[in-house]
Amino acid sequence: MGWNIQLPDAEYYDLYSATLDGIVREVQDQKAVAIDTETDGLNIVECNPYYWSLSWTSENGRDRRLTLNANAFPAFKHIFSDYERNWVFVNAKFDAHMMENGKHPIKGKLIDVSVMHALLYEEEPHGLKDMARVHLGWKWTDFSDTFGKIRKGYCMCGGTYAAHKPKIDSKGNPIEGKYCKSTDCHCYMEATALEVLRRAEKDNHNLLVDYAANDAYGTWKLFHLMNKELAEAPTSSLYPDRWPYINTLYDYFYKTEVPFTRVLYACERNGIKVDKGYLQGIAPNIVKDMLELRKQMGELYGKPIIKVGGQWQTEYFINKCGIRPTKMTKGGASGIKKPSIDAKFLTYVAESFRGEDSSKMATLLLEHGAIAKQYSTYIQSMPGRLDGKDYVHMKLNQDVARTGRLSSSDPNMQNVTTGEKDRFHLRNAFICEKGEDMVVADYSQLEMRLLAAASQEPGMMEIFHRNWDIHMGNAAFVFNLPYDDIAAAKDIEKQVKKGKLPESAMTPYVWQCLKARADVKNIGFGLNYGMKERALAARMDCSVEEAVDKINQYMARYPAVRAFFDEAVEEVRDCGYAFTLMGRRRSLPDILAHKDYIRFRAERQASNMPIQGTAAETCKMAMINIYEDTELRTKYGYKMRLQVHDEILGTCPKEYTDIVKERIREWMEHPFPTDIGVPLLADIGSASSWGGAK
DNA sequence: ATACTGAGCGCG
DNA sequence: AAAGCGCGCTCAGTAT
């Protein structure tokens, strides 16, 4: 097996073990224990624990490695419900869900070794087996390699949805057998994880005990290692004058990430209610639209379109119509570069070849692209993701984004279409119960505010203190225009669009004001992403020389901003890390790379990390404060449900909406125990759906 | 059959 | 030669 670790004996206990009481007492005395569950699958809504394992270090220094039957849960009830206890997991939220599904929710602190590991080794995988192999030199086989494969076809309902289909025999009749219980899913289950588990417990119980105990033991060993490494990992604030509280990543982890795990668990657990009827109502129309578009494409092409995204596109536009590609793809593993047929190319074709078939085809493809993805991602797959009360429980991943942001998956609720592109009003499908309101709160210009705070640029700070629109303010300061004129220009533009003012109201001066605002907006945006003159010129629709000129003008007005970005890159060159306000760090070794494009990318990341990362922890702190404001939860019935980077979604009973909104505003605008020097502003709305609350 | 990758595109 | 940050999902194509 290649084990490079001293393994304590695996112990096994169940409800009938004579010594179970002794174990309970011993666990009760521990300050922290590692815990893991063996379940019948990976779905956080439907699956349950059947075995669980514990690991800790006894007073005599002996490591313990236990597997327990789920029937022993009740003996530990008082420990599970102890709010002060420390529980150590790998992938904490998953096991916390299993424990609650098994009717024994864990109330104590959720300490996630994956999250610890992500702070130290952001580029490495954070799974238990990977971490154990790399850091402990310890390998043990996967569950399925040990006990038999869980064959494809088993419904995981959080995994590969493509597999969720009824199994059909050669005559087209559904095959008798077990099907997933999930609503409208009905995929065929060949060998459930539960059956594999049952087989293992019958045929090879000792192996099962050994296997399960390893998971908790590995977690425990890694926990100690990561604790030590976090404590030895120096860090500091991006802004030490205002944030002197952090010396090591250990501080950062326990102050911020540990409480945050609990918040995310609550969000996942709460989920978001989906208006199934609404989706079912619009689905047939969308399918009809897609089929019609496909039919028209086939007519133009001359034969039926089997795969809309297939290679026929290249053949058609490039070979048949003779249009020169505007861009080639990267080539990938094979190195074969192909013409890029993306939205940009299609838009170009649609506009440049008006009246020709190629233009019509491009228009059809653009139209199809706009709806197909939305349909498959959010409409087709949604029924199989809903629980018995029509709630979808997305995952909110704490250990993925290098900057400290969250990511969302299964489904990804952070890229649900919005604005103009939300043509089916998908956001209206995310709703709350009758008698409740959806409370949608988002930060206004968070990253620009944090840039002003971090750079301490007086001009920019002044704009926020005056409560000006940041882009209008920047335009006024950078291009020496009166703020009121820019505000007026913006208003005139709006009126003309509505038809309330004639075109002639758009005087050259109005245009100048609007262009000034658009330019500083692009520059501010571009700065954050480390854009160079060329990309900015493209965005601002001007020559590179003009772009350089405008950037220089901007920087001349805001020298502290230039200094901030220069120093951000310089700091990474000096010490290898970029920092956030609260002391999260990101390693960027490529900052010294010889190849320009690798080094430049690291420089862009170095510029972006302090701002994006600090924005992430601003929202993170607000969420922690809101969650830990127990009145909000218990007295006013607020339930947090989702975060979309600078937006926090939740629900509450209608009677408390106003008070909840004000309380949330307070926390969002004052997320830190210290004043960062720039006011933060939150826009808060409420309605009966996500879409309505904007 | 199943797994992986690149391209493309949605969001902040 | 490569020049816009951070994510996740779907599809098509290819590798195993």
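Proteins come first, then strands; the chains are lettered A, B, ... in the order of their sequence lines, and each starts at number 1.
- Residues A:Glu617 and A:Lys620 are not paired through a salt bridge, judged by the lack of any N-O separation under 4.0 Å between the basic side chain and the carboxylate.
- To the nearest angstrom, P of C:dA12 lies 14 Å from NZ of A:Lys338.
- At the phosphate of C:dC7, OP1 or OP2 sits under 4.0 Å from a side-chain N or O atom of A:Arg402.
- Separating the CG atom of A:Asp596 from the P atom of C:dA3 is a distance of 12 Å, rounded to the nearest angstrom.
- A side-chain donor-acceptor contact under 3.5 Å links A:Ser114 to the backbone of A:His126.
- A:Leu396 has its CG atom 16 Å from the P atom of B:dG12, to the nearest Å.
- Between the side chain of A:Gln643 and the main chain of A:Cys619, no donor-acceptor pair closer than 3.5 Å is present.
- A salt bridge does not link A:Glu268 to A:Arg641: none of the charged nitrogens lies less than 4.0 Å from a carboxylate oxygen.
- Using modelled atom types, one finds no donor on one side chain facing an acceptor on the other under 3.5 Å when comparing A:Thr403 with A:Asn608.
- Taking only side-chain atoms of A:Gln311, from C-beta outward, the nucleotide of C:dG4, C:dG13, B:dG10 with the closest atom is C:dG13.
- Looking at A:Asn415 and A:Tyr378, their side chains do bring a donor and an acceptor atom within 3.5 Å of each other.
- Side-chain atoms of A:Asn415 and base atoms of B:dG10 include a donor and an acceptor less than 3.5 Å apart.
- Atom CH2 of A:Trp312 is separated from atom C1' of C:dC11 by 14 Å (rounded to the nearest Å).
- Only one option out of A:Glu315, A:Lys320, A:Gln313 pairs with A:Tyr301 in a side-chain hydrogen bond (donor to acceptor under 3.5 Å, both in side chains); it is A:Glu315.
- The phosphate of B:dA7 (OP1 or OP2) has no side-chain N or O of A:Lys327 nearer than 4.0 angstrom.
- Here A:Arg586 reaches the OP1 or OP2 of C:dG6: one of its side-chain N or O atoms lies under 4.0 Å away.
- Between B:dG8 and A:Ser340, a contact under 4.0 Å exists linking OP1 or OP2 to a side-chain N or O.
- Rounded to the nearest Å, the gap between the P atom of C:dA1 and that of B:dC9 is 28 Å.
- More than 12 non-hydrogen atoms from other residues, nucleotides or ligands lie less than 6.0 angstrom from CG of A:Asn552.
- Distances shown here put every side-chain N or O of A:Ser376 at or beyond 4.0 Å from the OP1 or OP2 atom of C:dT10.
- One interatomic measurement links the two molecules: NZ of A:Lys344 to P of B:dA7, which rounds to 16 Å at whole-angstrom precision.
- Of the residues in residues 601-614 of chain A, A:Gln612 come within less than 4.0 Å of DNA chain B through at least one heavy atom, sorted by number.
- A tilted orientation is assigned to the rings of A:Phe579 and A:Tyr577, their planes being inclined by 30° to 60°.
- Taking side-chain N and O atoms only, A:Ser409 has no distance below 4.0 Å to OP1 or OP2 of C:dG8.
- Across all strands shown, A:Ala615 has no heavy atoms under 4.0 Å from either base or sugar-phosphate atoms.
- Phosphate proximity of C:dA1 to A:Lys595: absent, as no side-chain N or O sits under 4.0 Å from OP1 or OP2.
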Dot-bracket line, read 5' to 3' along DNA chain C, where crossing pairs take [ ] and | marks a partner on another strand, Watson-Crick or G-U under 3.5 Å: ....||||||||||||
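- Remark: A:Tyr529 engages no residue in a side chain to side chain donor-acceptor pair (under 3.5 Å) (not counting sequence neighbours).
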